[in-house]
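Have a look at the structure below, then the notes.
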Amino acid sequence: MFEEEKSLIKNKIRKYLTEQCIEASGLEFRQIPFSGEWGLAVPLFPIAAGEARSGKKVIVPKRAQALAEAIKEHIGEPPAGFSHIEATNGYLNLFFTTSKYAKRVVDTVMDEGGNFGRGSDRNKKVMVEYSQPNTHKSFHVGHLRNVILGGSVCRILEFTGFEVIRANYLGDIGLHVVKWMWNYLKNHAGEQPGENKTHWMNDIYAEADQLFQEPENEAEVRALYARWNAKDPEIVALWEKTRQWSLEGFEQIYEQLGESFDRIYFESEVEDSGIVFIEKLIEMGIAKDERPEGPVFIDLDAIEGTQDEYRVLVVLRSDGSSLYATKDLPLAIKKFEDYDLDESIYVIDARQSLYMKQVFKTLGILGYEWADKLYHLAYELVNLPGNVTMASREGTVVLFDDLVIEATSRAKAIVEAKNPELTEAQKDAIAEAVALGALKYTMLSRDNMKVVTFDWDAALDFNGQAAPYIQYAHVRAGSILRKAGEESPKTCEFPDELEKSEVDLIELMTRLPNEVQRASSEFRPLAIANLAFEMAKTFNDFYNTCQVLNTEPEIRAYRLRLVAAAKQVIATCLNLLGITAPGAM
RNA sequence: GCCCCUGUAGCUCAAUUGGACAGAGCACUGGACUUCUAAUCCAACGGUUACAGGUUCGAGUCCUGUCAGGGGCGCCA
């Protein structure tokens, strides 16, 4: 916002500096801290420092202050929309006329509604690959971080004008699948999945994993693996049927999380083409074939002339079977063929950073001009206390549905206490929104590269900096508007004297467009999570100090609009985070 | 041995990307519900930003080194 004012002021300053023969580089606007009033701050340190560098004998802070004062003198009367100008600490501070500023911000938010902060269409197509669970296995809290991060990034990218294609890449083949089928045939033949399909699938897998420790069982699993590899119709049919159960189970989870995918890729679908692809690389001399003594690999450091930077990428086992890289290379190509992408993003945990770098480099070496459009969006793991990594086979997991059930029942208990008059259905809906919101917010409110240590108490703490706090502010705003009735003034005047919380609220709203852009370009929902909390906190302060309904009509009018605008901005933030805002709590 | 990430209040985390006085939540202490929903608010407490140098007018942020924790390095995914 305020681009016109900014360029006007910039021009004035530039004009002055040019007259004084001073290099005018590094002119930019900052926010004035401790705002009781709004304004634009222009630090003059860069200008003064520039003079110092060019040989003038100046003490930078003093010079910056002198420049600020001189420019203040030069500008003279504040331009339209500004009330006064100050020169302090080397900054030139230009303060807006409170009434005009407030009116303008609130009007803008109300006019644009849910589109306030939205970026214009960029005409760019971005694929985001995320979630990537293995079929026939569990879905735990570690997987949750990936889905929530990926989902939020997609929403933010869309909001900033990208066309987003959500892709999921499922691990539907491999030893784990065969183990599962073996146990099913041997101990659970004919059984059907229960209500919660993923949980049921995982129970059979976990049991299979245990039984697999016995040598005779392992031998049976290997034998079944051979049948499956030979495309035994009976086994293939079982594989297809059971994979479908897994898919339906994941679908339940995605639906609950509010996620959906435009395109699902299966590992099985790129395996054969991957092996053919690797054969081609061998022919080209890019991959080295040491079979049967060794595997097929690409010596990236040798090709690039680097040392210990790209290492060696193994692309095929010595027995000719496929590895991750066997499939990831052709999949990357397929994505660009399918969708003619401008960018391809991989939401994958940070342990695979080197691997991702290797895959991207390999595609670059092969001459794909889009190789530099590949981006690894790395994030850290969710560990258990004591730095224990979640692993299905170790039994060190918190399963998604266990967590959701617990969170929801705790939220339900609180709604029961707060709002006993609501219907069961309403209470359930609120409990779910609160529980899932809380889980999502804990994942999104820390930076991508920070390890999350999962703690039941922390995850289920609905107080303080957490989603329910933000949702509650939204509910309160809605409640005021509802009680106000039909009346919603189209526009109204703001006074020059505003309460601090009103001032702060308006200032926070103006940050949304910038924060959204930042979150988008850095793939960091955290920026939005922070703003949402700040908004809620300030709104609660406002709620406590400023009466809306029981006050004089003129005040009531602008405060109502302020409440509506604040509610809108909070709602937009929550949307971008994938958190639903209930109507009551 | 090499590479990457992290290190900020007792705990969990922020910090508008190099700017004004490093801020929140939790926990602890003391207050506020006949008033728009107290899942709230106010006050108090809490800091050598791991350490040592360097660059800069200015460093939690950048560069070098050290320490601590985590992760990764030719047939796991």
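This structure is a prediction, so every number in the text was calculated from the model and none was measured. Order of the sequence lines sets the chain letters (A, B, ...), proteins ahead of strands, with each chain counted from 1.
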Please work out if [X] contacts a base, only the sugar-phosphate, or nothing of the nucleic acid, heavy-atom cut-off 4.0 Å.
X	result
S353(A)	nothing
A411(A)	nothing
P43(A)	nothing
P133(A)	nothing
Q517(A)	nothing
N540(A)	sugar-phosphate
K62(A)	nothing
V315(A)	nothing
V58(A)	nothing
Q352(A)	base
R518(A)	base

R311(A) to F297(A) six-membered ring, cation-pi geometry met (6.0 Å, 45°):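 Judged by the rule (NZ or CZ under 6.0 Å from the ring centre, within 45° of its axis), R311(A) is not positioned above F297(A).
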Distance under 6.0 Å and angle within 45° of the ring axis: does K357(A) meet both against Y310(A)?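 Geometry flag: set, cation within 6.0 Å and 45°.
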Say you pick atom [atom1] in [N] and the same atom in [M]; how far apart are they, in whole Å?
N	M	atom1	answer
rU16(B)	rC76(B)	C1'	42 Å
rU17(B)	rC62(B)	C1'	11 Å
rU6(B)	rU49(B)	C1'	14 Å
rC51(B)	rC45(B)	P	24 Å
rA22(B)	rU29(B)	P	28 Å
rA9(B)	rA15(B)	C1'	14 Å
rU48(B)	rG60(B)	P	13 Å
rC13(B)	rG53(B)	P	29 Å

R30(A) side chain to A41(A) main-chain N or O, any donor-acceptor pair under 3.5 Å?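 Checking the backbone N and O of A41(A) against the side chain of R30(A), no donor-acceptor pair under 3.5 Å is found.
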Distance check: side-chain N/O of [X] vs OP1/OP2 of [N], anything under 4.0 Å?
X	N	result
K537(A)	rG25(B)	yes
K137(A)	rA77(B)	no
R30(A)	rG58(B)	no
R476(A)	rA38(B)	yes
S479(A)	rU37(B)	yes
Y543(A)	rA38(B)	yes
N463(A)	rU40(B)	yes
Y324(A)	rG74(B)	no
R524(A)	rU16(B)	no

Consider side chain to side chain contact (heavy atoms under 4.5 Å, CB included). Of T326(A), L316(A), L323(A), which one does V296(A) pass it with?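 In the set T326(A), L316(A), L323(A), the residue that makes a side chain to side chain contact (heavy atoms under 4.5 Å, CB included) with V296(A) is L316(A).
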Is the closest basic N to carboxylate O distance between K72(A) and E86(A) below 4.0 Å?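 No salt bridge links K72(A) with E86(A).
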Between E269(A) and K327(A), is the closest basic N to carboxylate O distance under 4.0 Å?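 Here K327(A) does not pair with E269(A) in a salt bridge, since their nearest N and O are not under 4.0 Å apart.
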Step through the shown structure and confirm whether more than 12 heavy atoms of other residues, nucleotides or ligands are within 6.0 Å of NZ on K288(A).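 No.
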Do [X] and [Y] have side-chain N/O donor and acceptor atoms under 3.5 Å apart?
X	Y	result
T306(A)	D301(A)	yes
S445(A)	N530(A)	no
S520(A)	T160(A)	yes

Are the aromatic rings of Y375(A) and F523(A) close, with centres under 6.0 Å apart?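 Yes, they do, as the ring centres are separated by less than 6.0 Å.
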Distance in angstrom units between L316(A) CG and rC76(B) P, rounded: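 For the pair L316(A) CG and rC76(B) P, the rounded distance is 12 Å.
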May I have the distance from E86(A) (atom CD) to rA20(B) (atom C1'), rounded to whole angstrom?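 Result: 13 Å.
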Looking at RNA chain B, which of residues 445-461 of chain A put a heavy atom within less than 4.0 Å of it?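 Of all residues in residues 445-461 of chain A, the ones placing a heavy atom under 4.0 Å from RNA chain B are S445(A), R446(A), D447(A), M449(A), K450(A), V451(A).
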Complementary nucleotide for rA38(B) - Watson-Crick or wobble, under 3.5 Å: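 Here rA38(B) is not engaged in any pair, so there is no nucleotide opposite it.
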Please give the nucleotide sitting opposite rC13(B) as a Watson-Crick or G-U wobble pair, both distances under 3.5 Å, or none.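 Its partner is rG23(B).
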Heavy-atom contacts, protein to nucleotides 59-64 of chain B, under 4.0 Å, summarised as B (base), S (sugar-phosphate only) or - (none) per nt, yield ------
With ring pair (Phe, Tyr, Trp, His ring centres under 6.0 Å) as the criterion, how do Y130(A) and Y379(A) come out once you've worked through the C-alpha distance, each side chain's angles and the decisive distance to 0.1 Å? CA-CA 12 Å; Y130(A) 65 106; Y379(A) 66 93; over 10 Å; no
By nearest nucleotide on RNA chain B, pick out whichever of G294(A) and N387(A) is the more 5' one.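 Between the two, 5'-proximity favours N387(A).
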